[in-house]
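Worksheet: one structure, shown below.
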Amino acid sequence: ADVDSTLGAGTWFGAEVRSARTGEILVSRNADKRFMPASNLKLFTTSTALRDLGPEFRYTTDLVATAPVSPGGVVRGDLVLVGSGDPSISGRFTDNDVTRTFRDFADSLKARGVRRVTGAVLGDDNVFDEVPYGPGWAWDDMSYYYSAQIGGLAFNDNCVDLTVRPGRIGAAPTVQIVPSTRYITIRNESRTVAAGRPFSVDYERLPGTNIIRVFGDIPADHGDELESITVHNPTAFTATVLREALVAAGIRIDGAALDADERATRPDSARFVRLARYTSPPLSALVSVVNKRSQNFYAEQILRTLGRQSAAHVGSFEAGLDRVRHQLREIGVAADSVALFDGSGLSRLDLITPHAVATLLAANAGDSAFVRSLPIAAVDGSMKNRLRGTAAAGRVRAKTGYVGHVRTLSGYALSADGEPLVFTFLFNHYWTGDRPDPTNALHDRLCLRLATFAR
């Protein structure tokens, strides 16, 4: 009744609550209807990854040369950065030092005596296929970090980080870019306006280019505005920033930075000489990024890794989704209760049933790495500012989900009796017009009800 009166009768609401201890279903509403899951789909991707790959799985990314290092410190060939699909080369695990991995590569090369490379710096992304976006992704999201291109070689979530800072009234604000690279062109069309005026700065990366428009108004009394904007061809982007880091460290590079696919022939891997290697944090840490931060890019990279590491040995959406479907069959989820098209839930084509979500959560309730990866109410991740000062604080671990007209929340709750509960609450097709969105508040009320439930 609260849902109908608050969101309107046109809203679809699906729910299932069950005891994780006994399996008893306590609540079921539209549990066999199909809903768009938004980021609740990440539960399917991450649970499968932890089962298939294991929490200690790590990516390795090698920097190799196509010729040995001469006694004079010259590589008479190319450097090739061989991607593994690793999403973690960024500042996320290096105290926000975005290019530290590449500077470490430079140190490794110098330690091996490399002073000059006569060829180019190539990025090899062929561990995955060449499809950069998921089916059903919206074209007008492509500039924003949550819709970054997917690829076998990745850096900084395949984005650049912009800081827009007010200037003098009437003048353009300053725009700082991290990493500082010539790969990106900033077209600053924004302006500083008087204090107290509305903020309206927005961004657009022109399709098929690396030209980023910054436009709109920023008030003089506004603080720094931070945004991450996607790049086109992240493989060439990664190679470019690596080349810039090597040159800055004093290593001469005669050639350009290129996507290896731009060459007519691929480098002969049999002749590779490994000069440096980056090893990622364990999968358990990467899965925590996916679920606590709701990071689409990591989810999609992990999905394709599932395909690459499977018997199919193909880094594609479909090969990865085959592994997810296999997990669902094993735990008893009916094939017609899910329609899967990506790994993050950004696609409008994804469909799941509340019963399928609850079944997946119940089957993974004993997987400590999976459970720990979920945001904790009032503590961290996307639930950090939710349910503070209530009985549900610290007693609910749940994955949030949001795309337009869709709001979802699924996870685990501890009742007042100490009984572990599995729950999923899915809102679809709601519309509030200009009114504030009440769906988070409704979800919070439901979670509070679970935390205070007693037999």
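By convention here, the first residue in the shown sequence is residue 1.
For the pair P267 and L122, the minimum side-chain heavy-atom distance is below 4.5 Å. Residues T305 and F128 have side chains in contact (heavy-atom distance under 4.5 Å, counting atoms from C-beta outward). Counting heavy atoms from C-beta outward, V160 and I212 have side chains that approach closer than 4.5 Å. In this structure the side chain of R58 never reaches within 4.5 angstrom of the side chain of T60, judged on heavy atoms. Annotation: side chain of D261 is in contact with side chain of E130 (closest heavy-atom distance under 4.5 Å). Annotation: side chain of V396 is not in contact with side chain of L450 (no heavy-atom distance under 4.5 Å). Side chains of P135 and F317 form a contact here, defined as non-hydrogen atoms less than 4.5 Å apart. Side-chain contact check for K42 versus Y298: every heavy-atom pair is 4.5 Å or farther apart.
Taking the salt bridge (Lys or Arg N to Asp or Glu O under 4.0 Å) definition, one finds that R116 meets it with D254, sequence neighbours left out. For W12, the ring-ring contact (aromatic ring centres under 6.0 Å, His included) partners are F35, H429, not counting sequence neighbours. For R277, the salt bridge (Lys or Arg N to Asp or Glu O under 4.0 Å) criterion is met by D62, not counting sequence neighbours. Checked against salt bridge (Lys or Arg N to Asp or Glu O under 4.0 Å), E318 has the following partners two or more places apart in sequence or in another chain: R325. Residues satisfying the side chain to side chain donor-acceptor pair (under 3.5 Å) test with S347, not counting sequence neighbours, are none. Checked against side chain to side chain donor-acceptor pair (under 3.5 Å), D437 has the following partners two or more places apart in sequence or in another chain: R407, Y430, T439. Partners of R266 according to the salt bridge (Lys or Arg N to Asp or Glu O under 4.0 Å) rule, which considers only residues two or more places apart in sequence or in another chain, are D124. For the side chain to side chain donor-acceptor pair (under 3.5 Å) test, residues two or more places apart in sequence or in another chain that qualify with D444 are R386. Here F297 pairs with nothing under the ring-ring contact (aromatic ring centres under 6.0 Å, His included) rule; sequence neighbours left out. D97 is linked by a side chain to side chain donor-acceptor pair (under 3.5 Å) to R103, counting only residues two or more places apart in sequence or in another chain.
Among residues at least two apart or in separate chains, salt bridge (Lys or Arg N to Asp or Glu O under 4.0 Å) pairs with a member in residues 76-91 are D78-R263. The salt bridge (Lys or Arg N to Asp or Glu O under 4.0 Å) contacts involving residues 409-430 comprise E419-R455, where partners must be two or more places apart or lie in separate chains.
The two atoms that bring R205 and M142 nearest to each other are NH2-O, 3.3 Å, heavy atoms only. The two atoms that bring S228 and D161 nearest to each other are OG-OD1, 2.6 Å, heavy atoms only. Across L360 and S47, no two heavy atoms sit closer than the pair CD1-OG, 3.6 Å.
Between R304 and D129, at least one side-chain N (NZ, or NE/NH1/NH2) sits under 4.0 Å from a carboxylate O, which counts as a salt bridge.
F370 CZ to T48 OG1: the interatomic distance, rounded to the nearest 0.5 Å, is 9.0 Å. The distance from atom CG of L79 to atom CG of L81, rounded to the nearest 0.5 Å, is 9.5 Å.
The closest side-chain donor-acceptor pair between S147 and D141, if any, does not fall under 3.5 angstrom. Side-chain contact check for R18 and S28: no donor-acceptor pair (N or O, by modelled atom type) lies under 3.5 Å. A donor-acceptor contact closer than 3.5 angstrom links the side chains of K399 and S294. One side chain, Y144 or D202, offers a donor N or O that lies under 3.5 Å from an acceptor on the other. Side-chain contact, T400 with S382: a donor N or O sits under 3.5 Å from an acceptor N or O. Side-chain atoms of Y145 and D157 include no donor-acceptor pair closer than 3.5 Å. Judged purely by distance below 3.5 Å, without hydrogens or angles, the side chains of T424 and E16 never pair a donor atom with an acceptor atom.
Under the 3.5 Å distance criterion, the side-chain polar atoms of Y412 are matched with a main-chain donor or acceptor of L361. Of the possible donor and acceptor atoms, one in the side chain of R243 sits under 3.5 Å from a partner among the backbone N and O of G255. Of the possible donor and acceptor atoms, one in the side chain of N158 sits under 3.5 Å from a partner among the backbone N and O of Q149. When atom types are taken as modelled, the side chain of Y278 and the backbone of L63 share no donor-acceptor pair closer than 3.5 angstrom. For D259 (side chain) and T235 (main-chain N/O), no donor-acceptor pair under 3.5 Å exists by modelled atom type. Looking only at distances, no side-chain donor or acceptor of K384 sits under 3.5 Å from a matching main-chain atom of V379.
Remark: of the listed residues V164, T163, L162, V164 is the sole one forming a side-chain contact (heavy atoms from CB on, under 4.5 Å) with E225.
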